[in-house]
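To start, the structure itself, in structure tokens.
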Amino acid sequence: MLFPDGLDQLRAAGEATRLRTLALLSEGDLSVSELTRALDQSQPRVSRHLRVLVDAGLIEPYQEGSWRFYRLGDISPWLSDFLAALDGPERDADAMAFEVIRRDRAAKAAQFFSNNAAQWDALRKLHIDDHLIEAAMLDAAPRSFDRFLDLGTGTGRMLTLFADRYRQGLGYDVSQEMLAIARVRLDDADVRHAAVRRYDFSRAGELPENSADVVSLHHVLHFLGEPDRAIAAASRVLSPRGLALIADFAPHTLEELRDQYAHRRLGFSDEEIGQYAKAYGMTLATVTTLKSETPGGLISKIWRLEKTAAMQPLTKEKTLA
């Protein structure tokens, strides 16, 4: 049969707006407001189409605070191939709309970093004692290794923290202000075997494969609309049996962090990180949990991911967020 999974998905996808919605979500997760903007339609109309797609199992909703997001579900291979092959002026316009949304997300985060570069370390202390997080990351890392890569390096703290363990270190960030501070911090700490560069690590397909033994993502994922791209980047650059260290928050409901500090995601569960790891040839090896002493405070996590397989090319079908 041409459609072995039945006709329900075909019927649900066979309407122009719903097909456009699926094509947009094949690029990455979107909120209701972002879909409304990209499709240039009213929210009630978009919501009706979303309900049809959810009922057909084509997309999955999830809630983060007051924001509701949608991602592609477990769609049929024929539909996945069809979405990948779509072209034409309307598809080009939708792809451009998604790219505008992606740039707006990045610009908002970059503006926040720019405005707060000088006090970024102080902002982190609002959450949990950095020394506890850093000690846990050190415990999870090898005592000695050759190449260290810090994705979203910020002020370069991880490059300094691990300086006596690696032979060569490199940090990437999109903010020039952050990088300027990082260079000063490295000079002050006399770390001569590390450098920082301006680069959007979410597009790290251009970075050399197998170019790092340890990769860190220190409080980076919650700023990203597509956190799986950062984990895919980590896997891609890791050498065989390399490891990625991720420090971030467990799921929480502090909506003000989104409003005041540009947090895109309100934390991550162990299951979600484990799914990301599996999708990109890694295994979630250990999880360290650190609880704030402040009542109602955030819970921090350190996830250690071990590279277990060759990294496959990042595809739309593999993009989980």
Side-chain angles (χ1 to χ4, degrees), residues 21-35 37-38 59-65 67-75 80 83-84 94-113 149 151-154 172-175 199-207 215-238 244 246-249 251 257-258 261-269 271-282 303 305 311-321:
T21 300
L22 291 172
L24 283 164
L25 292 177
S26 72
E27 301 284 348
D29 295 10
L30 291 168
S31 68
V32 176
S33 62
E34 289 171 336
L35 281 165
R37 173 183 169 189
I59 64 174
E60 299 173 353
Y62 61 95
Q63 195 81 21
E64 284 192 0
W67 288 20
R68 190 170 180 83
F69 293 86
Y70 290 86
R71 62 162 63 100
L72 279 186
D74 187 16
I75 64 175
S80 178
L83 293 175
D94 287 346
M96 184 176 296
F98 186 92
E99 187 58 33
V100 169
I101 290 171
R102 180 179 284 166
R103 288 201 300 266
D104 286 350
R105 293 173 180 173
K108 183 177 180 181
Q111 185 62 49
F112 167 75
F113 289 141
L149 184 62
L151 299 178
T153 194
Y172 286 108
D173 206 284
V174 296
S175 170
Y199 193 83
D200 182 355
F201 68 84
S202 69
R203 303 180 185 277
E206 298 177 17
L207 296 179
V215 174
S216 68
L217 287 156
H218 183 238
H219 285 91
V220 172
L221 293 189
H222 60 256
F223 288 106
L224 306 179
E226 299 165 282
D228 74 304
R229 290 188 175 271
I231 295 176
S235 180
R236 184 177 293 107
V237 300
L238 275 175
I246 301 174
D248 222 293
F249 302 120
L257 295 183
R258 176 179 281 150
Y261 298 122
H263 287 206
R264 175 72 181 174
R265 299 290 305 274
L266 299 183
F268 301 88
S269 67
E271 291 76 16
E272 185 173 15
I273 297 298
Q275 289 173 0
Y276 289 152
K278 183 178 180 180
Y280 300 113
M282 295 190 288
W303 296 280
L305 310 184
M311 174 65 195
Q312 299 300 314
L314 178 63
T315 65
K316 294 174 182 177
E317 290 78 9
K318 269 198 169 184
T319 300
L320 304 181

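All heavy atoms count here, side chains included; hydrogens, waters and symmetry mates do not.
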What's the separation between atom [atom1] in [X] and atom [atom2] in [Y], rounded to the nearest 0.5 Å?
X: I59; Y: F69; atom1: CD1; atom2: CZ; answer: 14.0 Å
X: F249; Y: H263; atom1: CZ; atom2: NE2; answer: 5.5 Å
X: I273; Y: D248; atom1: CD1; atom2: CG; answer: 7.0 Å
X: L22; Y: L83; atom1: CG; atom2: CG; answer: 5.5 Å

Between F98 and L30, does a side-chain contact (heavy atoms from CB on, under 4.5 Å) hold up when you go through it step by step? CA-CA 9 Å; F98 186 92; L30 291 168; 3.6 Å; yes

Check [X] against [Y] and note the closest heavy-atom contact, atom names and distance.
X: E272; Y: G267; answer: OE1-O, 4.5 Å
X: A38; Y: I101; answer: CB-CD1, 4.0 Å
X: V220; Y: G152; answer: CG2-O, 3.6 Å
X: L266; Y: R258; answer: CG-NH2, 3.7 Å
X: L221; Y: A230; answer: CD2-CB, 3.8 Å

Does the side chain of [X] reach to within under 4.5 Å of the side chain of [Y], using non-hydrogen atoms?
X: R265; Y: F223; result: no
X: L151; Y: D173; result: no
X: L305; Y: Y280; result: no
X: R264; Y: L224; result: no
X: I246; Y: I231; result: yes
X: Y70; Y: D29; result: no
X: D228; Y: Q275; result: no
X: F268; Y: P227; result: yes

**OP:** Decide, yes or no, whether a salt bridge links R68 with E60 under the criterion of side-chain N to carboxylate O below 4.0 Å.
**Re:**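 Looking at R68 and E60, the cut-off is not met.
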
message = If the threshold is 4.0 Å, N to carboxylate O, is there a salt bridge linking E34 and R37?
response =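 No, no charged N to carboxylate O under 4.0 Å.
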
Do D94 side-chain atoms and L24 backbone N/O form a donor-acceptor pair below 3.5 Å?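 No; judged by distance alone, with no hydrogens or angles, the pair does not exist.
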
